[in-house]
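Down below is the structure, laid out as structure tokens.
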Amino acid sequence: MKMFALILTVIAATLPLDVARAQNAVNPSRQQQIEDCAKKCKELQEQRIDVLETLVNINTVLFQSARVQFDEVYEAQSLLLEAKLDVAEKESDRIALYGKMVELLKQYEQWAEARAQRAEETQVPVLKIKARRLEAEIRLEQAKAKEAKKNT
């Protein structure tokens with residue numbers, strides 16, 4: 001009888017282990033789930049950037065031919081900047097992105113100013129673009145300060 005009880009005890013103790021092994025074969029580990037989610041997220045972020053780059057390119061051409069307002073271009077540029085900032089891993093990458101945005105806004109500001117001088121546009125778009133450029137420059141300087149503070 002004691003032998004029978006011992007056998008039952010051993011079987012009962014190993015049964016949950018067998019169930020756990022079977023479950024692990026069906027369900028991926030937490031680490032694998034995390035890795036799968038991270039991979040999927042990265043793929044989606046890359047797709048988002050590709051779509052936004054296309055949108056920016058189309059809106060830029062339309063803006064240069066006076067078919068859309070600057071706000072359309074800026075909105076697309078802002079979405080693209082945010083998408084790229086989301087994937088930027090280093091502060092130096094963020095600084096470079098803000099720097100590119102400032103340079104781009106300077107170009108838009110020149111185009112708008114030229115159109116205003118030719119009386120094709122009022123000063124309103126020029127002022128909007130200038131305000132956006134100043135905002136981007138502020139963010140650039142803040143990122144530089146953050147980087148400098150981190151390195152001290």
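Quantities reported herein were computed from a predicted structural model and do not represent experimental measurements.
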When rounded to the nearest 0.5 angstrom, what is the spacing between CD in Q77 and NZ in K100?
11.0 Å

Distance (rounded to the nearest 0.5 Å) between D50 CG and L80 CG:
10.0 Å

To the nearest 0.5 Å, tell me how far D86 CG sits from R94 CZ.
9.0 Å

Apply side-chain hydrogen bond (donor to acceptor under 3.5 Å, both in side chains) to Q31 and E35, showing your working.
CA-CA 6 Å; Q31 184 62 32; E35 290 172 7; 3.2 Å; yes

Quick one, Y98 and L85 - any side-chain contact, counting heavy atoms below 4.5 Å?
yes

Heavy-atom neighbours of Q69 CD exceed 12 at 6.0 Å
no

Hey, any chance L104 and L62 share a hydrophobic cluster, counting ILVMFWY side chains that come within less than 4.5 Å of each other, even indirectly?
yes

Could you go step by step and tell me if Q32 and D36 meet the side-chain hydrogen bond (donor to acceptor under 3.5 Å, both in side chains) rule?
CA-CA 6 Å; Q32 184 62 44; D36 291 347; 2.7 Å; yes

Can you confirm whether E89 is buried at CD, in the sense that more than 12 heavy atoms of other residues, nucleotides or ligands lie under 6.0 Å from that atom?
no

Closest non-hydrogen atom pair, A83 against L52
CB-CD1, 3.9 Å

Quick check: is L55 connected to I49 through a chain of hydrophobic side chains (ILVMFWY, heavy atoms under 4.5 Å apart)?
yes

Same cluster (ILVMFWY, side-chain, under 4.5 Å), L97 and Y74:
yes

Establish whether V87 and M101 are linked, either directly or via other cluster members, by ILVMFWY side-chain heavy-atom contacts under 4.5 Å.
no

Between K39 and K42, is the side-chain contact (heavy atoms from CB on, under 4.5 Å) condition met? List the steps.
CA-CA 5 Å; K39 183 179 176 184; K42 187 170 181 73; 5.9 Å; no

R48 and L44: side-chain contact (heavy atoms from CB on, under 4.5 Å), yes or no, with the steps?
CA-CA 6 Å; R48 178 181 176 212; L44 292 169; over 6 Å; no

Could you measure the distance from the CD atom of E72 to the CD1 atom of I58? Nearest 0.5 Å is fine.
12.0 Å

State, yes or no, whether a side-chain contact exists between E53 and K84 at a heavy-atom distance under 4.5 Å.
yes

Flag yes if more than 12 heavy atoms outside R30 fall under 6.0 Å of its CZ atom; otherwise flag no.
no

How long is the straight-line distance from CD1 of I129 back to CG of L134, given to the nearest 0.5 Å?
12.0 Å

Between T122 and A116 the two heavy atoms that sit nearest each other are O-CB, 3.8 Å

With under 30° as parallel and over 60° as perpendicular, where do the rings of W111 and F63 fit, or are they tilted in between?
tilted

Any salt bridge linking K150 with E147? Criterion: basic side-chain nitrogen under 4.0 Å from a carboxylate oxygen.
yes

Contact check, side chains of E109 and L105, non-hydrogen atoms, under 4.5 Å
no

Any chance CZ of R139 has more than 12 other-residue heavy atoms, nucleotides or ligands included, within less than 6.0 Å?
no

Can you tell me how far CZ of R133 sits from CD1 of I138, rounded to the nearest 0.5 angstrom?
10.0 Å

Transitively linked via ILVMFWY side-chain contacts under 4.5 Å: V102 with I95?
yes

